[in-house]
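Below is a structure I'd like to ask you about.
Residue numbers begin at 1 in each chain, while the letters A, B, ... track the order of the sequences. Predicted model, so just to flag it, every value in this text is computed and none were measured.
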There are 2 protein chains.
Amino acid sequence: MATITQIARDLGVSISTVSAVVNNRGYVSAAMRARIEEALREADYHPDQIARSLRRRETCTIGLIVPDFRNTFYAHLMRGAEDYLSSAGYRLIVADSREDWQRQKDYLGLFSGKTTDGVILVPSFATDEQIAATPGLLRGTPLVYVDRSPLEVQLDTVLVDNTRAAYEATAHLLDLGHRRIGIITEPLNLLNAADRLRGYKRALRAQGLASDVKYIRQGDNREDSGYWRALELFKLPHSPTAVLVCNNQMTMGTLAALRDLHLVCPQQVSLIGFDDFECAGLLNPPVTMVRQPAAELGAAAAKAILKRIRDPKRQPREHVVLPTHLVVRESTASPASSRKR
Amino acid sequence: MATITQIARDLGVSISTVSAVVNNRGYVSAAMRARIEEALREADYHPDQIARSLRRRETCTIGLIVPDFRNTFYAHLMRGAEDYLSSAGYRLIVADSREDWQRQKDYLGLFSGKTTDGVILVPSFATDEQIAATPGLLRGTPLVYVDRSPLEVQLDTVLVDNTRAAYEATAHLLDLGHRRIGIITEPLNLLNAADRLRGYKRALRAQGLASDVKYIRQGDNREDSGYWRALELFKLPHSPTAVLVCNNQMTMGTLAALRDLHLVCPQQVSLIGFDDFECAGLLNPPVTMVRQPAAELGAAAAKAILKRIRDPKRQPREHVVLPTHLVVRESTASPASSRKR
DNA sequence: CTGAAAGCGCTAACAC
DNA sequence: GTGTTAGCGCTTTCAG
């Protein structure tokens with residue numbers, strides 16, 4: 001593979017002149033430029049990105065870590081980020097933490113080794129200590145959180161308005177006449193989950209209802225945990241007539257639980273899920289869902305990280321909040337019918 | 001950020017000794033090693049990957065280019081590749097070509113600039129010339145094709161047994177008694193599409209049936225094209241009683257077309273799709289599908305590229321072929337019922 | 001066992 | 001306008 005040194009020597013000119021034309025900077029006479037360009041083309045020269053990065057101390061690469069490639073929510077987020085970055089002359093490399101703190105740690109370590117100029121992170125579930133230790137792993141590489149964030153952050157974040165989203169979903173249920181509403185949350189030591197719970201409580205309070213701890217169940221984010229938490233909820237003496245499930249996998253689990261309990265949705269139980277996905281409208285019944293602007297989250301996070309890279313110490317930290325949208329389908333109905341059971 | 005030079009100077013030892021302990025090679029006395037390790041830990045030293053890559057002329061990174069992050073088939077493929085690579089000490093960076101040759105070209109150019117040690121490619125649809133030009137874009141960086149490949153390749157490939165898959169699917173339809181079977185293919189200048197068509201024809205021939213060009217329609221791979229090709233097919237005078245659709249997006253489109261034509265599946269028309277996906281079982285009706293081992297494809301491709309990197313000129317080229325599996329659901333039935341219409 | 005030194009390919013002052 | 005040169009941080013002979 002041709003190097004710049006080679007080309008320069010073959011042409012009998014200096015390296016820096018060649019470099020100048022490659023990078024389109026500095027003054028080079030038209031004749032010289034033409035000669036060099038010709039040689040470059042002929043040799044099919046492409047600069048060695050590694051050498052360039054070493055020298056420039058930047059890679060024009062952003063790392064993105066998500067908990068699961070296969071979740072279409074993250075797939076859309078990835079695409080949104082990639083879109084923004086590629087049009088800004090950056091490239092994106094993505095990694096899958098599998099909701100595993102250790103893997104996430106490894107990737108952060110990797111991305112911090114000057115391989116990326118910044119990283120966008122959907123933090124995986126973890127203990128409070130692990131969560132607190134996360135930013136340190138980057139040793140200076142700029143970081144922005146997207147979709148999820150620690151409860152208290154001194155970093156940029158890009159989230160949806162989770163409080164409001166849960167508030168609206170709960171209000172929808174209340175409007176339909178539900179009074180006993182359950183919620184299955186994600187781990188509450190991450191802000192989005194905590195905010196969703198807050199929105200839920202706030203909506204109840206707005207109707208003069210107290211929230212009842214026995215209707216509040218914490219899952220992780222897998223189908224399984226949705227199944228088991230739903231089972232607990234609906235085996236309660238005064239079981240809820242509606243439930244808000246805080247992510248898409250758990251929503252599937254909840255649906256399975258309802259089926260196993262022979263509870264018909266929405267006639268006996270109303271259901272709202274979070275994180276809309278392709279299948280949601282195909283499920284039986286089609287599930288009412290809080291839709292998040294996944295691609296926009298990715299793009300906003302990309303924008304935020306580039307801004308942070310340009311000005312690492314900018315204050316205050318940026319907190320982008322995007323709106324969600326309740327997609328009403330057929331899994332929610334008035335509880336009137338459920339009294340008949 | 002601490003560099004190896006810093007550490008060495010602070011300790012009053014030579015750089016190479018520190019390097020030896022960092023890389024765990026060469027002879028260093030136990031005492032010296034302990035001292036250095038201590039300092040390394042204290043400084044929270046992590047080698048600069050860029051500098052290391054420049055020197056070693058390898059990056060331990062593999063690039064993977066797929067046509068669409070959001071297609072769960074590719075998401076699973078990505079995960080399979082990542083799995084294999086990370087356990088082999090490599091990392092994966094993935095890019096989304098959006099089925100666009102120009103974007104794919106850009107990424108190949110990027111990956112060839114010594115940023116990756118090899119690339120795994122699901123080639124995007126393109127003209128024959130573009131397809132032929134693809135490997136050259138890598139300028140020497142090892143390449144393996146996965147899922148799709150050019151008709152004639154002098155490179156390693158990892159594919160499923162497309163001919164057999166289509167043969168089995170078609171045979172299933174024939175067994176049910178169908179005689180007029182349509183097929184909606186992907187662009188035929190890629191081997192997988194050509195092979196699927198071949199399997200379809202072979203199955204017909206095995207029953208002494210000639211394939212009829214008017215039942216063969218070429219789409220791309222989007223829902224749209226499935227919709228339109230299906231419309232054409234079922235508006236034919238002697239329209240088919242069954243159809244084989246060669247990917248998952250087009251399968252959705254075909255289903256929509258059937259609905260718009262008021263053709264009931266499977267009573268009036270039987271349908272088999274390719275590339276099983278989460279929603280397939282939830283569709284109405286649940287669609288019979290050819291399931292491909294997506295994660296295994298990814299893993300096999302990862303294995304193949306590492307092998308190729310280790311021995312760039314190994315002959316012959318490797319052609320891994322993985323089996324598929326027909327998942328029979330409710331979109332296929334005997335055409336007996338269809339005579340009633 | 002440890003150290004000195006060359007150099008991976010490129011960029012960016014700074015001379016000329 | 002063009003050339004010289006000093007590194008970026010690291011690995012790797014090769015001496016001692």
Exercise. Could you walk me through whether D100(A) and Q104(A) pass the side chain to side chain donor-acceptor pair (under 3.5 Å) check?
Worked result: CA-CA 6 Å; D100(A) 176 60; Q104(A) 172 178 299; over 6 Å; no

Exercise. Counting only non-hydrogen atoms, which of residues 42-52 of chain A are less than 4.0 Å from DNA chain C?
Worked result: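 Heavy-atom cutoff 4.0 Å gives Y45(A), P47(A), D48(A), A51(A), R52(A).
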
Exercise. Hey, does the side chain of D117(A) reach the backbone of C60(A) with a donor-acceptor pair shorter than 3.5 angstrom?
Worked result: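 A pair under 3.5 Å: yes.
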
Exercise. Could you give the CZ-to-C1' distance, from R55(B) to dC10(C), as a whole number of Å?
Worked result: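 In whole Å, dC10(C) C1' lies 15 Å from R55(B) CZ.
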
Exercise. Near DNA chain D, which residues from residues 27-40 of chain A have a heavy atom under 4.0 Å away?
Worked result: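 Correct list: Y27(A), V28(A), S29(A), M32(A).
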
Exercise. What is the distance from CD1 of I15(B) to P of dA5(C), rounded to the nearest Å?
Worked result: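 Atom CD1 in I15(B) sits about 11 Å away from atom P in dA5(C).
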
Exercise. Can you check whether P123(A)'s main-chain N or O pairs, donor with acceptor, with R148(A)'s side chain at less than 3.5 Å?
Worked result: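 Answer holds: yes.
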
For this session: Would you grab the first and last nucleotide of DNA chain D (5' to 3') that comes under 4.0 Å of any non-hydrogen atom in chain A?
Result: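 First and last nucleotides in contact are dG1(D) to dG9(D).
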
Exercise. So what does S16(A) touch, heavy atoms closer than 4.0 Å: a base, only the sugar-phosphate, or nothing?
Worked result: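 Base, at least one base heavy atom under 4.0 Å.
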
Problem set entry | E38(B) and R41(B) ion-paired at < 4.0 Å |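 A salt bridge links E38(B) with R41(B).
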
Exercise. How would you label the contact of V22(A) with the nucleic acid (heavy atoms, under 4.0 Å): base, sugar-phosphate, or nothing?
Worked result: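 Result for V22(A) = nothing.
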
For this session: Please name all residues satisfying salt bridge (charged side-chain N to carboxylate O under 4.0 Å, His left out) with R98(A), sequence neighbours left out, ordered by chain then number.
Result: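 Checked R98(A) against salt bridge (charged side-chain N to carboxylate O under 4.0 Å, His left out); matches are E82(B), D83(B).
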
For this session: Using the test salt bridge (charged side-chain N to carboxylate O under 4.0 Å, His left out), find all partners of D220(A) that sit at least two apart in sequence or belong to another chain.
Result: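 Residues passing salt bridge (charged side-chain N to carboxylate O under 4.0 Å, His left out) with D220(A): R222(A).
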
Problem set entry | E42(B) CD: over 12 foreign heavy atoms closer than 6.0 Å |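 At most 12 heavy atoms, drawn from other residues, nucleotides or ligands, come within 6.0 Å of this atom.
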
Exercise. Could you state the interatomic distance from OG (S112(B)) to CD (Q49(A)), rounded to the nearest 0.5 Å?
Worked result: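 With rounding to 0.5 Å, OG (S112(B)) is 8.5 Å from CD (Q49(A)).
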
For this session: Establish, with yes or no, whether the OP1 or OP2 oxygen of dA4(C) is under 4.0 angstrom from a side-chain nitrogen or oxygen of S14(B).
Result: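 The answer is no; no side-chain N or O of S14(B) sits under 4.0 Å from OP1 or OP2.
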
Exercise. Can you check whether T17(B) has a side-chain N or O nearer than 4.0 Å to OP1 or OP2 of dT2(C)?
Worked result: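 No, no such contact exists.
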
Exercise. For dA12(C), does OP1 or OP2 lie under 4.0 Å from any side-chain N or O of R25(A)?
Worked result: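 Checking dA12(C) against R25(A), a side-chain N or O does come within under 4.0 Å of OP1 or OP2.
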
For this session: Would you please name every residue forming a side chain to side chain donor-acceptor pair (under 3.5 Å) with T157(A), sequence neighbours left out?
Result: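 H319(A).
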
For this session: Might you work through the salt bridge (charged side-chain N to carboxylate O under 4.0 Å, His left out) test for D96(B) and R103(B), ending with a clear yes or no?
Result: CA-CA 8 Å; D96(B) 187 334; R103(B) 282 185 77 93; 6.0 Å; no

For this session: Ignoring hydrogens and angles, tell me if any N or O in the side chain of Q130(A) forms a donor-acceptor pair with the backbone of T127(A) under 3.5 Å.
Result: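 Judged by distance alone, yes, a pair lies under 3.5 Å.
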
For this session: Could you check how far CZ of R56(A) sits from P of dC10(C), rounded to whole Å?
Result: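 To the nearest whole Å, that distance equals 11 Å.
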
Problem set entry | Minimum-distance nucleotide to L54(A) side chain [options: dA6(C), dG9(C), dG3(C)] |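 Nearest listed nucleotide: dG9(C).
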
